[in-house]
Amino acid sequence: TTNARLVREQRRAQSKESLMAIIDSTTISEEQKQSAVETLVNLTTIAEKENAAELLLEAKGFADPIVNISENEVDVVINAISVTDRQIAQIEDIVTRKTGFEVKDITITAAIQED
């Protein structure tokens, strides 16, 4: 899990670096800069939602959860051999509240994760 989160953060940092280069460029149009700003804001919003969901899942007793938001869905990996129907309902409730996605757009996977 630490590795998965680290890889996610490294990719996000690279994306932010590229976007900042566009924003700071003197040769790029204002329209392109505005698009880069919007993308940067979106990346930040996604990261905040992922972190909020992970923190609440941890607070509810799920060890090392990973929440990844893409354009149309949320993937949740729970560090466990399996999850019960009750736990699935609890995960879905947390993730829908923290991300704004609907239950139908959430995929939950139970997997023992190794760092």
Side-chain angles (χ1 to χ4, degrees):
T1 23
T2 306
N3 284 341
R5 285 184 181 159
L6 183 61
V7 167
R8 179 180 72 191
E9 293 309 312
Q10 286 172 338
R11 283 187 189 140
R12 195 165 280 147
Q14 289 171 340
S15 294
K16 286 181 179 180
E17 201 174 297
S18 298
L19 290 166
M20 288 306 296
I22 292 169
I23 293 165
D24 292 339
S25 174
T26 57
T27 60
I28 294 187
S29 73
E30 283 304 313
E31 190 175 284
Q32 289 171 310
K33 287 184 181 190
Q34 186 58 40
S35 177
V37 168
E38 290 169 11
T39 302
L40 188 59
V41 168
N42 190 40
L43 279 178
T44 303
T45 301
I46 288 170
E48 289 170 355
K49 288 178 179 182
E50 288 172 344
N51 289 335
E54 288 170 354
L55 286 171
L56 192 51
L57 288 167
E58 285 177 348
K60 294 293 184 179
F62 295 100
D64 301 320
I66 299 174
V67 177
N68 284 315
I69 298 174
S70 65
E71 196 172 321
N72 301 316
E73 63 186 4
V74 181
D75 290 308
V76 182
V77 179
I78 299 298
N79 189 9
I81 294 171
S82 63
V83 288
T84 65
D85 288 344
R86 184 174 182 274
Q87 288 172 318
I88 289 170
Q90 191 175 28
I91 293 164
E92 289 173 342
D93 177 59
I94 289 168
V95 174
T96 55
R97 284 189 293 129
K98 293 298 175 183
T99 68
F101 280 80
E102 296 179 29
V103 169
K104 68 179 181 59
D105 299 320
I106 300 169
T107 302
I108 300 167
T109 305
I112 296 298
Q113 304 161 23
E114 297 176 15
D115 283 334

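Not measured: the values here are computed from a predicted model. The basis for the numbers below is simple: all heavy atoms, side chains too, and nothing from hydrogens, waters or symmetry mates.
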Between Glu54 and the options Lys98, Lys60, Arg5, the salt bridge (Lys or Arg N to Asp or Glu O under 4.0 Å) test singles out Arg5

Backbone N or O of Val67 within a donor-acceptor pair of the Arg8 side chain at under 3.5 Å? yes

Residues Ile22 and Lys33: closest non-hydrogen pair is O-CG, 3.7 Å

* Decide side-chain contact (heavy atoms from CB on, under 4.5 Å) for Gln90 and Leu57; before the verdict, give the C-alpha distance in whole Å, the side-chain angles of both, and the deciding distance to 0.1 Å. => CA-CA 9 Å; Gln90 191 175 28; Leu57 288 167; over 6 Å; no

Point to revise | Side chain Glu58, main chain Leu55, donor-acceptor under 3.5 Å | key: no

Smallest heavy-atom separation, Ala110 atom then Ser82 atom, equals CB-CA, 3.7 Å

Compute whether any side-chain donor of one residue and acceptor of the other, for Ser35 and Glu38, lie under 3.5 angstrom apart.
no

Is it true that a side-chain atom of Asn51 and a backbone atom of Ala47 form a donor plus acceptor pair closer than 3.5 Å?
yes

- Item | Minimum side-chain heavy-atom gap Ile81-Ile112 below 4.5 Å | yes

Practice problem: Show your reasoning for whether side-chain contact (heavy atoms from CB on, under 4.5 Å) applies to Val76 and Ile66. | Solution: CA-CA 6 Å; Val76 182; Ile66 299 174; over 6 Å; no

Glu48 side chain vs Thr45 backbone, donor-acceptor pair below 3.5 Å: no

### Task
Could you please spell out the steps behind the side-chain contact (heavy atoms from CB on, under 4.5 Å) verdict for Thr96 and Val103?
CA-CA 7 Å; Thr96 55; Val103 169; 3.8 Å; yes

Please indicate whether Asp85 has more than 12 foreign heavy atoms, meaning atoms of other residues, nucleotides or ligands, lying under 6.0 Å from its CG.
no

Shortest non-hydrogen pair, Thr99 vs Lys49, comes out as O-NZ, 3.4 Å

### Task
Please indicate whether Glu102 has more than 12 foreign heavy atoms, meaning atoms of other residues, nucleotides or ligands, lying under 6.0 Å from its CD.
no

Audit row: Leu40, Ile23, side-chain contact (heavy atoms from CB on, under 4.5 Å) steps and yes/no = CA-CA 10 Å; Leu40 188 59; Ile23 293 165; 4.0 Å; yes

Scanning both residues in full, the closest heavy-atom pair of Leu43 with Ser15 reads CD1-CB, 3.8 Å

What one should report as the nearest heavy-atom pair of Arg12 and Ile46 is NH2-CG2, 3.9 Å

